[in-house]
Every structure is written in structure tokens, then in C-alpha cells.
Amino acid sequence: MLRLDSHPSGQHFLHIPGPSPVPARILRAISFQTIDHRGPEFGQLGLKVLEGIKQIFRTQHPVVIYPASGTGAWEAALVNTLSPGDLVLMYETGHFASLWRKLADRLGLQTEFISFPGIEGWRRGVDPERIAARLREDTQHRIKAVCVVHNETSTGVVSDIAAVRRAIDAAGHPALLMVDAVSGLGSAEYRHDDWGVDVTVAGSQKGLMLPPGLGFNAISPKALEASRLARLPKAFWAWDEYLDMNRNGYWPTTPATNLLYGLHEAIDMILGEGLDNVLARHQRLGAACRAAIDAWGLENLCLDPSQVSPVSTAVLLPEAYDADGLRRLILERYNLSLGTGLGKVKGRVFRIGHLGDCNALTLLAALSGCEMGMRAFGVPLKASGVVAAQECLQ
Ligand SMILES: *Cc1c(COP(=O)(O)O)cnc(C)c1O
């Protein structure tokens, strides 16, 4: 809550699954004076961030950085590679998959949504077999792209992207593979090249620890080739001018200079800790969060233990309790922000973000707030989740 008339004591605990807390180092970097985006200094910064971000995507190929939120990067991925009326296969894993589909429809693409009754699809990741089966039927190759979400932020479920690639290849189908990695990148294992992804979409305000405002497209050579024939209208999003100017570290329009200072710092922090160490830290935090849920006797929205997210966890409350009422109480009493239930799980779940700049003690503080809040709200708890999480992290 933004309180302009008073300043609450202590720190605000921002534990929504994005935007995530921005570390002081990054905030300081962003506060530097804006420089000439056509000057020599900027070119050096541009080359450094464009090269550095590739290591986070684990790609050798270009990454385009837009001054945009993740939604803009979704649009960019589609308009650069597809033509009006093209058929796109999408998969209902949760709220963000549903929104990407809606965006594709609005662009004049034809979407086919592998969907499920009720919240069934929201409790599991993508079943690659379903995709392979649909592609095998498509003998005319009408499907031009398969679009899936890697870390479904609305549900705390991760999909196996390498398995989706294998499914597409096993079906002998030429469709492009496009992946939304908006919330996972920088916090959950992701491999653009090794997993054979054609376009990866990402954003700045989640695993990358930056404020909102940067959108990313990582582009495979096959996607780049598709962009030469794609006929959906595009101007601002067109990759060609970006790629051309990026060669020397510049942007075709005015870039988000200060966010790029922040990105430079974020890359330095992630590579300084070691990307593998960062990913392992988030695995531990996710495990501790799940230990708390088990101890409380509550249910994780994610049903399959092999698909749990290291980025965010959605806690399913018993039917009688309104999760948004609980969140409100927790915010007012403890200055802790938790993620709301989105779409089909509105009011049923609250989400705990453990992405980006999060460590054992910040997570334990958040779990304490959840536990005290649930007690005050009357949610029956079996045992202390905080103690269970401590034991897990010890
Ligand atoms: C946050 C998010 C988006 C949307 O990004 P915006 O920055 O809000 O436009 C898309 N996909 C996923 C998985 C997200 O978590």
C-alpha cells in the first residue's frame, strides 16, 4: 500500500511473484544521470548488456531488449514471426497462458487452445504428448507455432520445455516453439539454445530483480528466418532495426537508458553469485516454502512434485476462506504483500513469491507473516510452517 501521509516502520515485504524487490545496488545504478543514447559511452553500455543478457538466456544468438512490459515482448514474438490468420497452438496452464492466447487472437492469428475444465489445467504443466498428438494430426503443417509458458506465475507450476521441443521434433513438425519465460528467467533453470526454443519472451521485473519496464525476445536463427517472410503488421516491434543498431550497442529509438544501467548491475550480480548458485538458491527457497505448506496441512496448487516452481508457490485455502480477505489482513497487520489469485483461482489461492533478491531470512519473515495472518483469519493450521521451513533451510 502506498501511504503518502505516513511511513511505516521497518521494511515493506514485497512477496508477490513480480515485481520482485529491487536490490539497493540496482536502485543506485538506475539513479545515475541519463546519458546521450547516441554517444560513445552508451554504445559501450549497450554492447555489455546485450552480450551479458545472452548468458542469462543461455544463448549464443541475439536478444532484443524493448522498453516494454512482458506483454509487449509477447506481442513482439508473434508479430515478428507470423502472418495474418496463421494457426498457433497454445496450452492452458493458467492465467498467463490464457492472456497470451487472448493477445494472439487480437492480433488476427487463429489460436487453438489445449484447454481443460475447471482448474484442472491450472494444477499441472504442459503434457508434451498432447502437443505431439495434435501436431501428428496436422499433416498439412497448418500450425505455425507452439506457444507455452515456462513458469506459470499464476499457479506456481513449471513446464518441461525440452520435452516440448522433443515432442515437436518427434512429430516431425516444422512449427516454431515460442516460450514465455517472463517470471522464471534469472531464477529458474532456463536454456534457450539447448532446449531448442525459437523465441523466448521475458521481462525485467521478476527473476531479473529490476523494476518493470524492459521486455526481451531471445531469437533463434530459425525464428529470424521466419521473420523475413512474416506479414503481421509491425513497426515499433520489428526485430530488423533493433538487430541492425544493436550490432554497435545502440537502439533504433530512445532506449530505457536508466533501466539498462540497472540491467548491467543485475547481470553483474547474477554472474557474480554464479547463475547455477542463483538457481540452486531458488530451489532451496521453493522447497522451504513447500515444507511450510505441508506443515500447515494446506495444499499446493501444483499437483506434480516434479513441476513445482522455484519462483512462486500458490497456496490453496480451504473453500470456506477468502484468500483475498486473508491477503488484506496480512498487508494491513504485517506490511507484507502476497500475490492474489488470478482468473480461475481468484479468491482460492494466495501466492508467495520467492524469486529474484530473496534469501532464507526474507522468506522466513514472509512465511511468519502468512502463518500469523492465517491464525488471525481463523484458517486451521496443523503445525508451524515457519519451523518446518527453518528445518528445511538449516
Ligand atoms: C508477469 C507475467 C507476464 C506479463 O508481463 P507484464 O510485464 O505484466 O506485461 C507474462 N507472463 C508471465 C508468465 C508473467 O509472470
Side-chain angles (χ1 to χ4, degrees), residues 14-22 57 64-79 88 90-107 113 121-122 124-126 147-161 164 177-190 192 197 199-218 236-237 256 259 262-263 266 282 286 301-302 307-314 337-345 349-356 358:
L14 182 65
H15 274 272
I16 60 174
S20 63
V22 182
F57 280 93
V64 165
I65 307 175
Y66 297 104
S69 85
T71 303
W74 267 344
E75 176 160 340
L78 299 176
V79 297
V88 177
M90 300 176 115
Y91 198 108
E92 185 192 11
T93 45
H95 190 64
F96 291 103
S98 307
L99 288 179
W100 198 8
R101 186 234 181 157
K102 192 172 100 185
L103 183 145
D105 280 332
R106 291 183 72 143
L107 290 174
F113 207 33
W122 290 48
R124 296 188 184 280
V126 171
C147 297
V148 293
V149 175
H150 176 233
N151 183 81
E152 228 330 326
T153 328
S154 60
T155 62
V157 179
V158 171
S159 287
D160 184 346
I161 300 304
V164 174
L177 171 58
M178 302 204 214
V179 178
D180 170 342
V182 174
S183 57
L185 192 79
S187 291
E189 169 86 359
Y190 193 83
H192 178 84
V197 181
V199 187
T200 300
V201 174
S204 54
Q205 76 273 29
K206 307 210 173 151
L208 291 177
M209 308 181 285
L210 294 164
L214 295 180
F216 304 85
N217 276 180
F236 178 74
W237 302 116
L259 287 176
L263 178 60
H282 291 289
L301 184 64
C302 178
Q307 297 175 338
V308 288
S309 167
V311 164
S312 70
T313 302
S337 263
L338 297 166
T340 186
L342 295 167
K344 284 185 175 180
V345 291
V349 305
F350 67 89
R351 293 174 300 144
I352 305 170
H354 32 84
L355 67 173
C358 185

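Whatever order the structure lists them in is the order used to number ligands and atoms, beginning at 1.
Within the 4.0 Å heavy-atom cutoff, W74 counts among the residues contacting ligand 1. In this structure, K206 is part of the shell of residues with a heavy atom less than 4.0 angstrom from ligand 1. At least one heavy atom of Q205 sits closer than 4.0 Å to an atom of ligand 1. At least one heavy atom of N151 sits less than 4.0 Å from an atom of ligand 1.
For the pair T155 and T93, the minimum side-chain heavy-atom distance is 4.5 Å or more. Counting heavy atoms from C-beta outward, V311 and V158 have side chains that stay 4.5 Å or more apart. Within the 4.5 Å cutoff, no side-chain heavy atoms of V148 are placed close to those of M90.
The ligand atoms of ligand 1 that sit less than 4.0 angstrom from a heavy atom of S69 are 6 (P), 7 (O), 9 (O). Shown in contact with T153 at under 4.0 Å from a heavy atom are these atoms of ligand 1, numbered in order with element: 12 (C), 13 (C), 14 (C), 15 (O).
Scanning all heavy atoms of the two residues, the minimum distance from A202 to A181 falls at CB-O, 4.0 Å.
Note: F57 and Y190 have perpendicular aromatic rings, judged against thresholds of 30 and 60 degrees for the angle between ring planes.
For ligand 1, the polar-atom distance check finds an N/O of G70 within less than 3.5 Å of one of the ligand's N/O atoms.
The protein heavy atom nearest to atom 11 (N) of ligand 1 is D180 OD2, 2.6 Å.
Looking at V182 against ligand 1, only its side chain comes within 4.0 Å, counting heavy atoms.
Side chain of H282 to backbone of A188: no donor-acceptor contact under 3.5 angstrom is found. Of the possible donor and acceptor atoms, none in the side chain of H95 sits under 3.5 Å from a partner among the backbone N and O of K344.
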